[in-house]
J.: 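The structure follows.
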Amino acid sequence: QGLEKPSITLGGGEKPLLYYLPLTLAERLGHFKEQGLTVEVQDFGGGAKSLQALVGGSVDAVTGAYEHTIRMQAKGQDVRAVIDLGRYPGVVLAVRKDKADAIKSVADLKGAKIGVTAPGSSTFILAQYLMTKAGLDPKSASFIGVGGGASAVAAMQKGEIDAISHLEPVITKLESLDAIKVLVDTRTTKGTMDTFGASNPAAVLYLKKEFIDANPKTVQALVNAFAKTLKWLQSATPEQVADAVPEPYWLGDKALYLKALAASRDTYSPDGTIDPASMKSMLDLLTATDPQLDAGSIDLAKTFDGSFLKNASVK
Amino acid sequence: MAARREPSRPSAEPESAATAVRLDGVKVSFVIRGAAVFDAVAPTSFEVREGEFVSIVGPTGCGKSTLLNVTAGLLKPSAGHVEIFGERLAGLNRKSGYLFQQDALMPWKTALDNVAIALEVHGTPRKEALEAARGWMGRVGLARFCERYAHELSGGQRKRVGLAQVLIRRPRILLMDEPFGPLDAQTRQIMGNLLLGLWAEDRKAVMFVTHDLEEAIALSDRVVIMSAGPDARVIGDHPIDLARPRDAAEIRLDPKFHALHKRIWDQLREEVAKTYEEGAR
Amino acid sequence: MAARREPSRPSAEPESAATAVRLDGVKVSFVIRGAAVFDAVAPTSFEVREGEFVSIVGPTGCGKSTLLNVTAGLLKPSAGHVEIFGERLAGLNRKSGYLFQQDALMPWKTALDNVAIALEVHGTPRKEALEAARGWMGRVGLARFCERYAHELSGGQRKRVGLAQVLIRRPRILLMDEPFGPLDAQTRQIMGNLLLGLWAEDRKAVMFVTHDLEEAIALSDRVVIMSAGPDARVIGDHPIDLARPRDAAEIRLDPKFHALHKRIWDQLREEVAKTYEEGAR
Amino acid sequence: MRAASLKLLALQVLVAVVAIGIWHVGSSVPIAGKYFLPEFFFSTPLDVFQRVVKLFVSGEIWRHLWITLTETLLAFVIGSAGGVAIGFWFARQPLIAAVFDPYVKMVNALPRVVLAPIFMLWLGLGIWSKVALGVTLVFFVVFFNVYQGVKEVSPVVLSNARMMGMTERQLFRHVYWPSALSWMFSSLHTSVGFALVGAVVGEYLGSAAGLGYLIHEAEGVFDVTGVFAGMFILSAFVLVIDWLVTLVERRLLVWRPQAAVGQT
Amino acid sequence: MRAASLKLLALQVLVAVVAIGIWHVGSSVPIAGKYFLPEFFFSTPLDVFQRVVKLFVSGEIWRHLWITLTETLLAFVIGSAGGVAIGFWFARQPLIAAVFDPYVKMVNALPRVVLAPIFMLWLGLGIWSKVALGVTLVFFVVFFNVYQGVKEVSPVVLSNARMMGMTERQLFRHVYWPSALSWMFSSLHTSVGFALVGAVVGEYLGSAAGLGYLIHEAEGVFDVTGVFAGMFILSAFVLVIDWLVTLVERRLLVWRPQAAVGQT
Ligand SMILES: Nc1ncnc2c1ncn2[C@@H]1O[C@H](COP(=O)(O)OP(=O)(O)OP(=O)(O)O)[C@@H](O)[C@H]1O
Ligand SMILES: Nc1ncnc2c1ncn2[C@@H]1O[C@H](COP(=O)(O)OP(=O)(O)OP(=O)(O)O)[C@@H](O)[C@H]1O
Ligand SMILES: [Mg+2]
Ligand SMILES: [Mg+2]
């Protein structure tokens, strides 16, 4: 029905990660095609790189962290989320099994070596936030970038780090190896509420304001597709999900994958909206960990554009 | 090679021909790795007229190659200057061909290509250049060695390829540094006659360095003797008034030849003895 | 250098001395880039006895250097074999010193170090080696050039450093390829006498390649003439029965010297003419 | 010749067999209770082999291979052409070389991973940003070698050529170029590998296809077998390019004396 | 001499000024409505300069610099020592060289980014895994050059040395080594940069400190100024190492004829 730009390029981090599951599903279930969209997904080394690609103009839309929209506002870039995909960060803070006795809560992390995916990333920020909340100076622990995938597992197995702040599937893998004890789990509603007192949007679909203004129909089609995916996800069983994604995503072990799916089930947003409380909780998180960010200058209303979601064909 | 016009100096000198090469107070000092200075050649002046064949002899290490390098424009003198056909030399001396004392063939070209390139450089089409080069390879006795690379030739063969490479261009000034060194006596004479024949055709100016005094006398119009270095000077300048055309072998039987030889040799011997003593000190 | 024991061959030959070098049917063919074969040296046999000074002369490119390379063990003959003091040579000939036709100094060492290293290699302490090297630099007339690198020396000076480098080791067999080529006549004689003096002391076996027939006669016990290549052979073997000790300069005045010279020269001339014709064909 | 090259092949196969043997044992036989090469990190040779076969049989690999090949070749060609050109230019213009010397070295020290976003900004997401990454690796290796190679030209040969009357262009063609060739080829052997590394890293950091993409995708889901299969294909593939370089090298360097080393 | 080097310095400064000028204009003056070097990707020279000053003034940088320096130097030293040793060994053992040749080239083609997890597994998160990454870059550059350098030894000089009775060890010390030196130094100039790149990429992929960590952290929060400040410090710093290499080179290569090129 006359899309301005029927074929678009969409950036993502590492697609096989559960964080990006809605994207994979939307693609695999044909929801984009239904909307008359041809979507080419570009895989970048990390969320930051996809954002850079968006700003640079090489991709049209990104599935990435909601916090990016806030940071970009501070940098004078108008980037807006149009639909929420993951309402909880999905980050887990855990300690090594043999340290579990010494480190019982976040407050004991003083002097610990904490593995994060990368310095500056969401896992890094969350760990710092938790420490600040517990009354610790984040500088009192050392943060080590351990990367994603196998190197993170290796770092924990080799005892190079005492604690880890990481995402799926590393956490499930480590749990299945019985290597860690979870302290804070933001994959679940309870964990997130305990931590932030509200939900804390993670993965969203965001685009440049100019693009939204110039291509409203295209954006609407995108939102429609994702909204349908979210709805499907609410009712699908883990088996159905597993069958819908490409086999290589199964971590070489379907049981492990199902376990990880089940654990992250709650993180996927049921409706795609972001309420002001969640926005605030994200801003708090950022200002708590990045003193350079000036909370006063941020207009949270400009980070999320819910109008497309309201018009979405699927509710 | 345009005709030179320079008002201040008449193009025909009293002695019938123009000066092809003039060294004017040329002094060469080498700085040894930024420290000591070695005065190889003391201020030296001499001339080679157009069409003149001058040999330079002198004890080993006296500065013969150095003087040729200066004349070729490859080495800047520490003092004095060089004039080529009356023009002050700055940069390379493009009017001369230089046969180096060391091997200087391009190892990545065959012998034939090494000779042909000397023409190609000046615009001769490749086919023609190869044709001419083949002729020259024959003249220096190497027709069968055209396709060899330098490392597949004997020392004497390499030298002869070098000779062909220089002669094929027919430069107006020829600088030759021991061109016949690694050749046997007979080949030397054949090559000497080749050179003389060529020279007779268009009367180049030749500066010819050799250790073989007989050869020097047999070929030249003048033999210049240099003293032992350091601070080498020209200490003798002997005109050779033997009749032309000459045959490099037969001329040695001439009694005049012997007289000349004896006279020059006596002077030379003294010089060499001096070098040796200096060096051993 | 242990005394050789080999029962099948008596260590003292009828002719008073043992054989130092024996080439037995040595043939050398070069394969030119995997294609054509060039037969440089036809099967050749000859001997150099201990204490014998043999000169090899022949037209340029006939295979003199090639024969020395074979004797040194640097080149494997295509047929035949080499015996050194009765032992069949496999690999390098470690009993001989070789002065190459080309420059072979290590450019990264000073002249003095180049000479000293020849002793150091065999275990002489550095200080002692330098001492000895200094002496030798003096003997070849280069005492003042000890600290120079190769590119800072003249052609003749480099050759003399090479000479000192070979002689300082006092090898039992000396292979010399045109050692006095780039030297003036007088220096040649001085070096010739140096070599003769040394040779007289401990009677090495010497294989001496030169283009100067007078020099060959003046220095040697035997002059071997090679024919023009390809398929070069030994075509003459002239014993030189001039009295010893000799002076390289004075001996040339001996009437016997002239007779020898004429005889050998006539044979040689013919050969050279042949090479030249062959090559030009 | 025949027998010698058979023997060589046999030895090469032997090395491969030993290496795979160690890998197999390390990943499947515990030594003192620990795996020397845990399967989780190293997979097993058999699995990798099966995966490689599967990739080829399913035909999935061809598209990726083709993209990576294109990127590698472009990076190699552009990088070495640039390195050769600038190397020669600098060697012939000592002042320019001296002026730019520190900057060239500074640029060479920039981590390519950090440059990737900038290349994407300028060159987009297509193959060109990957090519650019490869070029930045190849260029410097070739550049430094060509620069040095030109300076190593024999002074006598050079003087002779200049006396012959060669112009700067002719000197380049007949003297500098052939003389620097062995330096250049030495650097090309290194840079073939680097061109591929550049392309793959580029894909790894952002792309939708190519071997680097495959490897990256496999890495995120602990599919070591996939990672190793990708790396194996990658390196098999560089051998082919290197072999082509060697062919050209042999052709261009016929004039060299053979077996200068180790000849007895 | 004095005047010449002053002029050189002036020209070098000029180049820097021009480059910074372009950067400044590109990032702050829109051309046809678009910034040629958008601030989001390139920051501005002034900001970067201020950040560098701040990093040094606050003293925060020293610890990171020290770690990266250690890693770089270790990678450089180990990589080049290995490259030299194996390069010589291969050059002297043609059979071994022929057998391992394809494997060396295969390994050279492995993307280092992919190897990082394996190095971390073996060597931990400390400096050694970064050193290993640097070594894999440095080694190959040096190796290929030394290998070729040994083969380029003048055959006459070699024969002469062998006739002198040199043992293999002595040949190495007096002939191969000095002869391969200029090849080696050429590769060292490239590999100084690569050692640093290896260290930084290693830090980038997993570490607790170092310049790479700083850059990565800055990148994570879109702090381009921080990224550029890090890169600037990095490359300033490689100049210092390279300068040291050049000093050694000058010392070891005194024997070379000066100004073989461009001499008139
Ligand atoms: N680059 C240099 N640095 C220092 N000294 C040099 C250099 N080149 C030549 N010399 C010295 O200058 C003197 C003259 O050298 P030159 O090569 O001109 O001698 P020559 O007369 O050609 O000797 P030969 O007959 O042995 O070739 C020699 O003593 C030599 O040592
Ligand atoms: N590597 C090689 N490949 C092919 N042919 C060669 C090779 N080396 C030498 N030759 C040929 O073998 C013949 C003998 O060469 P050699 O160097 O022994 O001559 P020579 O007697 O020493 O000559 P000169 O007096 O000129 O030094 C020559 O014709 C030469 O062209
Ligand atoms: Mg000379
Ligand atoms: Mg010879």
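Just so we're on the same page: letters track the sequence lines, and every chain starts at 1. Bear in mind that the values here come from a model prediction, so they are computed numbers and not experimental data.
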J.: For the pair B:Leu74 and D:Met163, evaluate side chain to side chain contact (heavy atoms under 4.5 Å, CB included) and give the outcome as yes or no after the intermediate values.
T.: CA-CA 9 Å; B:Leu74 289 168; D:Met163 287 308 294; 4.2 Å; yes

J.: Determine whether more than 12 heavy atoms belonging to other residues, nucleotides or ligands lie under 6.0 Å from atom CD of B:Glu131.
T.: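 No.
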
J.: Answer with side chain, backbone, both or neither: which region of D:Thr167 has an atom nearer than 4.5 Å to a non-hydrogen atom of chain B?
T.: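 For D:Thr167, there is no contact with chain B at all, as no heavy atom is under 4.5 Å.
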
J.: Please round to the nearest 0.5 Å and tell me the distance separating atom NE2 of D:His174 and atom CD1 of B:Ile117.
T.: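 Rounded to the nearest 0.5 Å, the NE2-CD1 separation comes to 3.5 Å.
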
J.: Examine whether an atom of B:Ser96 lies under 4.5 Å from a heavy atom of chain D, and if so say whether it belongs to the side chain, the backbone or both; otherwise answer neither.
T.: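 Its backbone and side chain both get close to chain D.
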
J.: Does CZ in D:Phe237 sit with more than 12 non-hydrogen atoms of other residues, nucleotides or ligands closer than 6.0 Å?
T.: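 Counting neighbours around CZ of D:Phe237, more than 12 heavy atoms of other residues, nucleotides or ligands fall under 6.0 Å, so yes.
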
J.: Before giving the answer on side chain to side chain contact (heavy atoms under 4.5 Å, CB included), spell out for B:Tyr98 and D:Met164 the whole-Å C-alpha distance, their side-chain angles and the decisive distance to 0.1 Å.
T.: CA-CA 8 Å; B:Tyr98 188 170; D:Met164 236 177 241; over 6 Å; no

J.: Taking all non-hydrogen atoms of both residues, which atom of D:Val156 and which atom of B:Ala104 are closest, and how far apart?
T.: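 Taking D:Val156 first and B:Ala104 second, the nearest heavy atoms are CG1-CB, 3.6 Å.
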
J.: Using heavy-atom distances under 4.5 Å, tell me whether B:Asn69 contacts chain D through its side chain, its backbone, both, or neither.
T.: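 Neither the backbone nor the side chain of B:Asn69 comes within 4.5 Å of chain D.
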
J.: Once you round to the nearest 0.5 Å, how far does CG of D:Asn160 lie from CD of B:Gln165?
T.: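 So the CG of D:Asn160 and the CD of B:Gln165 are separated by 5.0 Å.
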
J.: Using 0.5 Å steps for rounding, measure from the CD atom of D:Gln170 to the NE2 atom of B:His122.
T.: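 Separation between the atoms: 7.5 Å.
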
J.: If you count heavy atoms of other groups shown closer than 6.0 angstrom to CZ of D:Phe232, is the number above 12?
T.: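 Atom CZ in D:Phe232 is not packed in, count stays at 12 or less.
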
J.: What is the minimum heavy-atom distance between D:Val157 and B:Pro107, and which atoms define it?
T.: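 Minimum heavy-atom separation between D:Val157 and B:Pro107: CG2-CD, 4.5 Å.
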
J.: For B:Leu99, is it the side chain, the backbone, both or neither that has a heavy atom under 4.5 Å from a heavy atom of chain D?
T.: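 For B:Leu99, neither part sits under 4.5 Å from chain D.
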
J.: Hey, are the side chains of D:Val175 and B:Trp108 touching, using non-hydrogen atoms and a 4.5 Å cut-off?
T.: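 Touching, per the 4.5 Å side-chain cut-off.
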
